[in-house]
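Convention: sequence-line order gives letters A, B, ...; per-chain numbering from 1. For the numbers below, each heavy atom of this structure counts, side chains included, while hydrogens, waters and symmetry mates do not. Just so we're clear, the structure is a prediction, and the values are computed from it rather than from any experiment.
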Number of protein chains: 2
Amino acid sequence: MDNIEKLFASKNIRVTAMRLLIYKFLAEKQIAVTLSDIENAFDKADRTTLYRTIKTFEEKVIVHQIDDGTGITKYALCEKGCNCDIETDLHLHFHCNNCNETICLTDHKIPQIKVPEGFVSENVNLVVKGICDKCSGY
Amino acid sequence: MDNIEKLFASKNIRVTAMRLLIYKFLAEKQIAVTLSDIENAFDKADRTTLYRTIKTFEEKVIVHQIDDGTGITKYALCEKGCNCDIETDLHLHFHCNNCNETICLTDHKIPQIKVPEGFVSENVNLVVKGICDKCSGY
DNA sequence: GTATTAATGCACTTCCATTGCATGGTATTT
DNA sequence: AAATACCATGCAATGGAAGTGCATTAATAC
């Protein structure tokens, strides 16, 4: 029983071949992926299965959703210490306008945002757009 | 020739009845609206016309687009001094989880965001979610 | 091994965004 | 003012993503 299966077991998720494949796919990628990305990687699998698998992962806090402003929902594995289920967690994502990839900058925390009186802040979504390290030739 | 017509003229936009109506509609609203919102306000008009009108306004920097994470694009009038065409402008929007309205907080600037070395920041999209002043009973 | 429960696959639906083309209106030229 | 060019509008249709219902198949529990 490998690590992924242990993780699934600890979250009460049934271990299936498809889920293991999808998990491994996400783990290999350093970037956030769309449903279509996953779909293209697994021709045999049905889109609904992928969709529901991701939704399951989301519920169990294995992946988190990213809205990078492209209009298409992306997903990325939660890292150790990723508190994306906690409302006060402050996500920071970087979207490259050149290669169109979105990266989780988990070690970059978002500063406290002030809101006007009467407003209650529950969650903050911050997406920085620009050119990533690969594309800038750094 | 009133102010709106002057504005249109200064941006090389032809003055039409529909455009004036849409502009006035946006001006009355204090919140960001979806295409459907506009559609509902003008039963007679075709969806495409509204869509293209908004796109024209966007090109001419009369409105700016907001992605508040609901998956539906919203639009709001650019205010005086709204530099939404300038890449370094930092938008701040508030989305109420209760009434589902999105508000432009143009007077609340976003602090400088640090990105890792090699990354070039061109634009920042920040959406704070929570409860707005109306819904919090402030 | 049988029963229970959950995962998968297929078909279908809905919603928003977007485009092509014909038509009608606005501005420009002579 | 008539003719022309240019742009706005409306209709129809498309595409893409998200989501749901149901029957089938696979995984766990007894």
Side-chain angles (χ1 to χ4, degrees), chain A residues 1-2 4-25 32-60 62-76 95 100 102, chain B residues 1 4-25 32-60 62-75 95 100 102:
Chain A
M1 188 165 175
D2 72 2
I4 307 177
E5 296 192 20
K6 276 183 197 159
L7 172 67
F8 284 8
S10 76
K11 305 233 180 191
N12 274 325
I13 298 175
R14 284 194 184 170
V15 177
T16 70
M18 205 62 240
R19 286 179 176 169
L20 288 172
L21 284 172
I22 295 176
Y23 186 94
K24 282 173 188 163
F25 176 76
V33 298
T34 65
L35 248 199
S36 298
D37 291 337
I38 307 177
E39 206 180 342
N40 293 335
F42 302 101
D43 290 337
K44 325 147 208 170
D46 186 75
R47 228 193 61 258
T48 314
T49 305
L50 304 174
Y51 174 74
R52 285 198 256 240
T53 300
I54 286 288
K55 285 292 163 194
T56 302
F57 283 179
E58 224 184 321
E59 276 170 30
K60 305 291 185 176
I62 289 177
V63 306
H64 65 266
Q65 202 174 324
I66 299 161
D67 173 21
D68 63 5
T70 54
I72 302 164
T73 307
K74 296 190 177 177
Y75 304 91
H95 178 76
N100 208 37
T102 299
Chain B
M1 188 163 174
I4 307 179
E5 296 190 21
K6 276 182 199 160
L7 172 68
F8 284 7
S10 76
K11 306 231 177 194
N12 275 324
I13 299 175
R14 284 195 185 168
V15 177
T16 69
M18 204 64 239
R19 286 178 176 171
L20 289 172
L21 284 173
I22 295 175
Y23 186 93
K24 283 173 189 163
F25 177 75
V33 299
T34 65
L35 246 200
S36 298
D37 290 337
I38 307 177
E39 207 180 343
N40 293 334
F42 302 101
D43 290 337
K44 324 147 208 169
D46 186 76
R47 214 191 133 72
T48 315
T49 304
L50 305 175
Y51 174 75
R52 285 200 254 239
T53 300
I54 286 288
K55 287 290 164 195
T56 302
F57 283 179
E58 223 184 319
E59 276 169 30
K60 305 292 186 176
I62 289 178
V63 306
H64 65 266
Q65 199 175 325
I66 300 161
D67 173 20
D68 63 5
T70 55
I72 303 162
T73 308
K74 297 188 176 178
Y75 304 92
H95 177 77
N100 209 36
T102 298

*Hey, which of these two, Gly71(B) or Arg52(B), hits DNA chain C nearer its 5' end, going by closest nucleotide?*
Gly71(B)
*For Arg47(A), which contact category applies under a 4.0 Å heavy-atom criterion: base, sugar-phosphate, or nothing?*
base
*Taking heavy atoms of chain A and a 4.0 Å limit, find me the 5'-most and 3'-most nucleotide of DNA chain D within that range.*
dA17(D) to dT28(D)
*With a 4.0 Å cut-off on heavy atoms, is Lys55(B) in touch with a base, just the backbone sugar-phosphate, or nothing at all?*
sugar-phosphate
_In this structure, is the centre-to-centre distance between the rings of Phe57(B) and Tyr75(B) below 6.0 Å?_
no
*With sugar-phosphate meaning primed atoms plus P, OP1 and OP2, does Thr48(B) contact a base, only sugar-phosphate, or nothing at under 4.0 Å between heavy atoms?*
base
*In whole angstrom, give the distance that lies between atom CD1 of Ile54(A) and atom P of dT8(C).*
12 Å
*Please confirm whether the backbone N or O of Asp37(A) pairs with a side-chain atom of Thr34(A), one donor and one acceptor, at under 3.5 Å?*
yes
*With Lys55(A), which residues qualify under salt bridge (charged side-chain N to carboxylate O under 4.0 Å, His left out), at least two apart?*
Glu58(A)
*Look at all strands and tell whether Thr73(B) reaches a base, only sugar-phosphate, or nothing, counting heavy atoms closer than 4.0 Å.*
sugar-phosphate
*Calculate the interatomic distance between Glu59(B) atom CD and dT18(C) atom P; express it in whole Å.*
12 Å
_Rounded distance (Å) that lies between atom C1' of dC12(C) and atom OH of Tyr51(A)_ = 15 Å
*Gap between atoms CG and P, on Leu20(A) and dA7(C) respectively (whole Å)*: 13 Å
*In this structure, which one of Asp67(B), Asp68(B), Thr70(B) forms a side-chain hydrogen bond (donor to acceptor under 3.5 Å, both in side chains) with Thr102(B)?*
Asp68(B)
*Could you tell me which non-hydrogen atom of Met18(A) sits nearest to which non-hydrogen atom of Thr49(A), and how far apart they are?*
CG-CG2, 4.0 Å
*How close or far is atom P of dA17(C) from atom CG of Asp37(B), stated in whole angstroms?*
11 Å
_Rounded distance (Å) that lies between atom C1' of dA6(C) and atom CZ of Arg14(A)_ = 4 Å
_Length of the line joining Lys11(A):NZ and dA7(C):C1', which is rounded to integer Å_ = 20 Å
*Look at all strands and tell whether Ser36(A) reaches a base, only sugar-phosphate, or nothing, counting heavy atoms closer than 4.0 Å.*
sugar-phosphate
*Can you tell me the distance, in whole Å, between the CD1 atom of Ile13(B) and the P atom of dT26(C)?*
16 Å
*Backbone N or O of Ala32(A) within a donor-acceptor pair of the Lys74(A) side chain at under 3.5 Å?*
no
*asked:* What's Thr53(A) touching, base or sugar-phosphate or nothing? Going by heavy atoms closer than 4.0 Å.
replied: sugar-phosphate
*Do you know the tightest heavy-atom contact between Phe8(B) and Arg19(B)?*
CE2-CB, 3.7 Å
